[in-house]
Amino acid sequence: MRAVLLGPPGAGKGTQAARLAEQWGIPAISTGDIFRANIKGQTELGRKAQEFTHAGTLVPDEITNAMVRDRLAQDDVVNGFLLDGYPRNPDQAVELDSMLVELDVALDVAIEITADSELVIERLLKRAEIEGRADDTEPVIRKRLEVYATSTAPLTAFYAGRGLLVQVDGIGQVAEVTDRIVAAVESR
Ligand code: AMP
């Protein structure tokens with residue numbers, strides 16, 4: 001299984017990515033998690049990414065694409081992967097295509113978790129209390145939603161055009177949403 005997971009911030013991508021990865025026995029690769037780990041570890045990559053993640057804007061493609069290219073070259077992805085949070089704009093999607101061509105593999109599915117924006121704002125503000133993420137403040141959440149709408153949402157049409165898109169309603173209990181995704185993907 002080689003899949004990308006799309007959906008607005010707060011739709012539950014991270015939670016579902018971990019559950020789906022376990023179900024399918026493949027690694028979940030979250031670009032947001034990689035950036036956060038690097039920021040915490042004060043690495044060179046972290047220093048480059050920090051200003052963008054904290055502002056809720058996209059880390060430049062050059063940095064992000066190189067990071068994903070390295071990650072996809074590792075041994076644990078040979079039998080599949082679930083990308084959570086990448087690609088985030090059409091240029092990244094084109095770049096992912098070229099990485100997959102180099103690896104001589106193809107994407108099986110693009111899963112989009114849908115959720116209403118008022119609900120995701122509420123969810124993210126709740127998460128801020130629990131996890132204390134630096135980018136879960138209301139102005140930054142609004143910025144992230146705006147970036148999603150302008151940069152990331154066009155990927156829905158991009159993958160639909162290739163017959164790879166599966167859209168799943170992200171509203172409901174965590175396990176229920178996982179079951180919905182698995183059923184939708186496996187019945188294709
Ligand atoms: P996430 O955990 O997916 O919500 O990502 C948190 C932040 O990391 C985003 O707001 C961006 O600043 C950055 N980020 C994550 N994935 C990407 C990506 N594919 N391209 C650019 N920036 C990204």
Side-chain angles (χ1 to χ4, degrees), residues 2-21 27-73 77 81-100 107 110-115 117 119-156 158-159 170 174 177 181:
R2 294 181 181 85
V4 298
L5 195 55
L6 308 168
K13 289 193 302 295
T15 305
Q16 294 301 333
R19 295 172 61 88
L20 294 167
I29 301 172
S30 158
T31 43
D33 281 351
I34 300 174
F35 285 132
R36 279 184 289 279
N38 278 275
I39 292 166
K40 200 167 165 204
Q42 298 184 328
T43 67
E44 178 68 24
L45 176 65
R47 270 190 293 277
K48 286 183 192 158
Q50 187 157 10
E51 64 171 295
F52 304 100
T53 62
H54 287 187
T57 56
L58 296 183
V59 176
D61 286 351
E62 202 180 78
I63 298 171
T64 308
N65 290 335
M67 180 178 93
V68 173
R69 186 179 290 277
D70 280 354
R71 183 65 188 84
L72 290 182
V77 300
F81 56 79
L82 177 61
L83 278 171
D84 160 20
Y86 182 92
R88 209 81 154 213
N89 62 31
D91 286 344
Q92 291 184 3
V94 169
E95 191 63 23
L96 174 61
D97 277 344
S98 82
M99 293 178 210
L100 297 180
L107 207 59
I111 304 160
E112 181 183 343
I113 305 181
T114 59
S117 34
L119 181 97
V120 302
I121 292 174
E122 201 180 295
R123 275 195 190 172
L124 290 171
L125 289 173
K126 212 172 282 167
R127 181 172 77 185
E129 288 171 23
I130 302 163
E131 293 177 19
R133 256 176 68 164
D135 58 349
D136 277 346
T137 60
E138 186 151 356
V140 180
I141 289 169
R142 292 198 183 275
K143 181 71 197 170
R144 286 158 61 209
L145 285 167
E146 196 184 300
V147 168
Y148 186 81
T150 52
S151 302
T152 314
L155 295 180
T156 301
F158 179 91
Y159 287 115
V174 169
V177 176
I181 296 172

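Atoms within each ligand, like the ligands themselves, are counted from 1 in listed order.
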Look up atom CZ in R88 and atom CG in L83, then write down how far apart they are to the nearest 0.5 Å. 11.5 Å

Supply the atom-to-atom distance Y86 OH to I29 CD1, rounded to the nearest 0.5 angstrom. 11.0 Å

Nearest heavy-atom pair of G85 and T31: which atoms, and what distance? O-OG1, 3.0 Å

So is R133 close enough to ligand 1, meaning a heavy atom under 4.0 angstrom away? yes

Ligand 1 versus L58: contacting region, heavy-atom distance under 4.0 Å: both

Measure across K13 and I113 and return the closest heavy-atom pair with its distance rounded to 0.1 Å. CA-CD1, 4.1 Å

Contacting atoms of ligand 1, where contact means under 4.0 angstrom from a heavy atom of T57: 11 (C), 12 (O)

Return the option from N65, D61, T31 holding the heavy atom at the smallest distance from atom 17 (C) of ligand 1. T31

Which residue supplies the protein heavy atom nearest to atom 9 (C) of ligand 1, what is that atom called, and how far is it? R88 NH2, 3.5 Å

I need the R36 CZ to E131 CD distance, nearest 0.5 Å. 8.0 Å

Near Y86 (heavy-atom distance under 4.0 Å), the atoms of ligand 1 are 19 (N)

Closest approach of A110 and L6, non-hydrogen atoms and distance? CB-CD1, 4.5 Å

Applying a heavy-atom cut-off of 4.0 Å, say which part of K13 lies close to ligand 1: side chain, backbone, both or neither. neither

re atom 23 (C) of ligand 1, the protein heavy-atom contact at minimum distance is F35 CE1, 3.7 Å

In ligand 1, which numbered atoms sit nearer than 4.0 Å to a non-hydrogen atom of T64? 18 (C), 19 (N), 20 (N), 21 (C)

The test is salt bridge (charged side-chain N to carboxylate O under 4.0 Å, His left out); show your working for D135 and R127 and say whether it passes. CA-CA 11 Å; D135 58 349; R127 181 172 77 185; 5.2 Å; no

For atom 22 (N) of ligand 1, the option (of D33, L124, V59) bearing the nearest heavy atom: V59

Give the residue, atom name and distance (to 0.1 Å) of the protein heavy atom nearest atom 8 (O) of ligand 1. T53 CG2, 3.5 Å

Would you tell me which option among R144, M67, R36 has the nearest heavy-atom contact to atom 6 (C) of ligand 1? R36

Identity of the nearest option to atom 20 (N) of ligand 1, non-hydrogen atoms only, from Q92, Q50, E51: Q92

The single option from N89, T64, T53, I63 that satisfies side-chain contact (heavy atoms from CB on, under 4.5 Å) with L58 is N89

In terms of atom number and element, which parts of ligand 1 are under 4.0 angstrom from non-hydrogen atoms of G85? 16 (N), 17 (C), 18 (C), 19 (N)

What pair of heavy atoms forms the shortest contact from P87 to A93, and how long is it? CB-N, 3.5 Å

